[in-house]
There are 2 protein chains.
Amino acid sequence: MTKILLVEDNPEVRENMTEILELAGYEVFTAPNGKEGIDAAIREHPNLILCDIMMPVLDGYGVLHMVQKEAQLQSIPFIFLTAKSERNEIRKGMEAGADDYITKPFDSIELLNAIEMRLKKAELLKQPFQGNLEGVNELIAVSYGRDYLEELRKDRNINRYKKKQIIYSEGNHPSRIYYIQKGKVKTFKRNDDGKELIVGLYAEGDFLGYLPLMEGRTYRETAEAMEDVELSIIPRSEFEELIGSNPMVMKKFMTILARNIEEKAEQLLAVAYNSLRKKVADTLVTLNRKYNRDHDESFHIDLSRENLAAIAGVAKESLIRMLSELKEEHLINLEGRKIRILNYAKLEDMFN
Amino acid sequence: MTKILLVEDNPEVRENMTEILELAGYEVFTAPNGKEGIDAAIREHPNLILCDIMMPVLDGYGVLHMVQKEAQLQSIPFIFLTAKSERNEIRKGMEAGADDYITKPFDSIELLNAIEMRLKKAELLKQPFQGNLEGVNELIAVSYGRDYLEELRKDRNINRYKKKQIIYSEGNHPSRIYYIQKGKVKTFKRNDDGKELIVGLYAEGDFLGYLPLMEGRTYRETAEAMEDVELSIIPRSEFEELIGSNPMVMKKFMTILARNIEEKAEQLLAVAYNSLRKKVADTLVTLNRKYNRDHDESFHIDLSRENLAAIAGVAKESLIRMLSELKEEHLINLEGRKIRILNYAKLEDMFN
DNA sequence: CGGCGCATTGAAGGAGTTCAAGGTATGTGG
DNA sequence: CCACATACCTTGAACTCCTTCAATGCGCCG
């Protein structure tokens, strides 16, 4: 139920308006002065505040000021409601930060329309979460329009990296994010022994390196070009603008992050307890899912054995042996370094 | 630089205003009619739109309507700027969804004040990310005020679960999140062999089970009470309201998620390549960091060996043997099932 | 053609799991 | 309050799966 807080010192006006609002289906809370109004706002957290200006104890400007100072009340629409109808007064009210300013006397329909519109505008922030999202690209499309990606491609400095070149290193400070125009990038961590675990794979159209920027930390992993790569640079400020400007974008971004967590948890289970056999099979399945979205029959995985091993979290030699085994069983085919999956279903349900 | 789009058909007024705005330090784009105004808005993505009402081709209401329909433009403040000063006209403009309505003639100071206030309000959505956040609790505090937690404690249905009781299971559909009043909860996954890996530990004051709600999926893990537990239930709608109502809350929440990803990646590396010795030491260090925030000397870890093993991702017996070893080396002390850390520094830098 | 990088195969070794059995704490019912 | 059951902890010994080390093979490029 939508809650409205009415702050008004005149008891008659208050009751009259309460009636109108309740008839319109709102749940109404009232306060006879500014101070109690603030208390009620904090207590009830209404969806909208209607407030008189001239009141004892604390006037309407005071209420608005307080409301804007409290983080939890900032986003509540605030409408002044007053007999002061001179242009100056109106400007003063709006300049104080009200969302609307209605002068008495008013029609009830005027009041209700105003309320409805402000509620609607506030509602834009509150769409429920949306599932299904391919990549961060969508974000860009949503917030800047489709052309933005195209623009990126043209306008920006494009950085080129050779195969095996480091893009950023663990411990460095992030100042930008990267958008991959071309090529593949891996991000990895090393343990104390120098063994490499690949924690992320990125391809054309992916964004890279946004996590540390969001956390305000240094990079926790190293990014390296797996082939010759072209990256466009998006400066920190622009990224923040991108994320911060549109609540829908934020929601989508949060969904992506949430999914990422689930994936990592899944991988964690696999790495911890699964047999070599299953780890390798899972890796192949995951890579296929990731890079072969349209289920192309002729698709093959083309990564060095070393990298494959670092993704699966196993030794290179173990991986190779397991690939041979899987080939024996006609689940995959090895064509040079390239791997083609023959029996996807069996790989997926590989027992442990 | 702050970009302002001015849509106005009269060339004189347009140039005059442009000058004022540029003097005030804004970057100004102009359009002579509504249609071009829309195009410019999409192209430039301004921070604020000033718009006349009476214009050829497409009038101000039309522009506002279009702006509200485009997801990427919705959140841009929109100010009407017109000679129509009758009360009716003002109401009509505001009811159409404008954020302010300024009547000609106006002082330049009036105009600039109005612009500044609307920019400021819009800016509330765009604060940069903030680091440092203890838990989701903070979110609640920010958005609803401190008292909300207290309220939760009193008003809600409190569900009680006995030790070992399942709170939710993998595959089920989420319809609410949980807030832990009392007790400890673990979330875990099982691999095909039925081996358990603990992926999350939650204690008093933590929230539980929000990820699947955000992703719109089923639970990916099972939650079980580790001791007798009291939980309050927060329905889905309320959770969405909570997250959606305040952009600051969203930002903070995103930061939490980002951190969570980093942690999982870290754990992944550890589980994949580290020795039993290091896995156990890391687990002890992590648990200490998690549950002993104030570095209490007399703190001890009190978990079953089984659970400890499931956190570290090793066999129970292996864990026990390693604990004995660590005790021999005077790094920890075993007091019954309880574990006290004696040499935190050495545990932390345990070699592999 | 020789050197380099990567892939493959063989054999040895070891870290950690598993199975099995005994020990200790905790609680419950007579 | 004791006896007994149950759940949890600990230790021993065998085994296995995977890693590691080492040698060889293969293809590519200057």
Side-chain angles (χ1 to χ4, degrees), chain A residues 162-164 186 191-197 224 226-227 270-283 300-328 332-340 350-352, chain B residues 162-165 186 191-197 224-228 270-283 300-328 332-339 350-352:
Chain A
K162 286 271 168 207
K163 187 174 176 177
K164 295 240 159 198
K186 67 175 177 183
N191 84 336
D192 299 353
D193 302 353
K195 275 196 268 190
E196 207 175 85
L197 183 74
E224 184 188 304
M226 292 206 292
E227 35 191 79
V271 168
Y273 291 141
N274 287 354
S275 65
L276 174 65
R277 190 180 181 75
K278 192 160 172 60
K279 277 189 222 171
V280 172
D282 282 357
T283 303
H300 50 247
I301 294 168
D302 184 10
L303 283 171
S304 76
R305 298 292 184 254
E306 191 109 43
N307 277 331
L308 271 175
I311 295 168
V314 302
K316 183 182 52 179
E317 295 88 339
S318 302
L319 173 99
I320 289 171
R321 270 183 264 268
M322 191 49 62
L323 287 179
S324 316
E325 267 189 44
L326 295 177
K327 185 185 173 185
E328 290 299 298
I332 60 173
N333 218 347
L334 301 178
E335 298 156 7
R337 57 132 61 175
K338 293 177 184 174
I339 301 168
R340 183 179 311 250
M350 179 68 63
F351 71 102
N352 221 346
Chain B
K162 285 272 170 207
K163 188 173 173 175
K164 295 241 158 197
Q165 206 178 333
K186 68 175 175 182
N191 83 335
D192 299 351
D193 303 353
K195 276 195 267 189
E196 207 175 83
L197 182 74
E224 182 188 305
M226 292 206 293
E227 34 190 81
D228 290 6
V271 169
Y273 291 141
N274 286 354
S275 65
L276 174 65
R277 190 179 183 74
K278 193 161 171 59
K279 277 189 220 169
V280 172
D282 282 356
T283 303
H300 50 247
I301 293 168
D302 185 8
L303 283 171
S304 76
R305 298 291 185 256
E306 192 109 43
N307 277 333
L308 272 176
I311 294 169
V314 301
K316 184 181 54 180
E317 297 87 339
S318 302
L319 173 99
I320 289 171
R321 269 183 265 269
M322 191 48 63
L323 287 179
S324 316
E325 267 189 45
L326 295 177
K327 184 185 174 185
E328 291 297 300
I332 62 172
N333 218 346
L334 301 178
E335 297 155 8
R337 57 132 61 174
K338 293 177 185 173
I339 301 168
M350 180 67 65
F351 72 103
N352 220 347

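The sequence lines fix the lettering, A, B, ..., with proteins before strands; numbering per chain opens at 1.
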Set out, in order, the CA-CA distance, both residues' side-chain angles and the distance that settles side chain to side chain contact (heavy atoms under 4.5 Å, CB included) for A/I301 and A/K338, then state yes or no.
CA-CA 6 Å; A/I301 294 168; A/K338 293 177 184 174; over 6 Å; no
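B/D228 has its CG atom 12 Å from the P atom of C/dG27, to the nearest Å. Rounded to whole Å, the distance from NZ on B/K327 to P on D/dC9 is 15 Å. Rounding to whole angstrom units, NZ of residue B/K338 and P of D/dT10 are separated by 14 Å. Summarising the geometry, the separation between CD on A/E335 and C1' on D/dG27 is reported as 17 Å, rounded to the nearest angstrom. Between the P atom of D/dC8 and the CZ atom of B/R305 lies a distance of 13 Å, rounded to the nearest Å. The separation between B/L334 atom CG and D/dT10 atom P is 7 Å, rounded to whole Å. A straight line from CG of B/D302 to P of D/dC8 spans 13 Å, rounded to a whole angstrom. Rounded to an integer number of Å, the gap from NZ of B/K316 to P of D/dT11 is 14 Å.
Heavy-atom minimum distance, B/G336 versus B/R305: O-NH2, 3.5 Å.
Across all strands, A/K279 comes closer than 4.0 Å to no nucleic acid atom at all (heavy-atom distances). Within the nucleic acid shown, A/L276 comes within 4.0 Å of sugar-phosphate atoms alone, with no base atom in reach, counting heavy atoms only. When heavy atoms are screened at a 4.0 angstrom cut-off, A/S304 is found touching the sugar-phosphate backbone but no base atom.
A/R337 contributes no side-chain N or O that forms a donor-acceptor pair with the base of C/dG5 under 3.5 Å. Between the base of C/dT18 and the side chain of B/R321 there is a donor-acceptor pair shorter than 3.5 Å.
A side-chain donor-acceptor contact under 3.5 Å links B/Q165 to the backbone of B/K162. At least one donor-acceptor pair closer than 3.5 Å links the side chain of A/N191 to the backbone N or O of A/K195.
Residue whose closest nucleotide on DNA chain C sits further toward the 5' end, between B/N274 and A/E317: A/E317.
Between B/K195 and C/dT18 there is a side-chain N or O to OP1 or OP2 distance below 4.0 Å. Applying the 4.0 Å criterion to OP1 and OP2 of D/dT11, one finds that B/S324 has a side-chain N or O inside that range.
Side-chain contact of A/N307 with A/K186: a donor-acceptor pair under 3.5 Å is present, judged by distance alone.
Comparing D/dC18, C/dT8, C/dT18 against the side chain of A/S275 picks out D/dC18 as the nearest.
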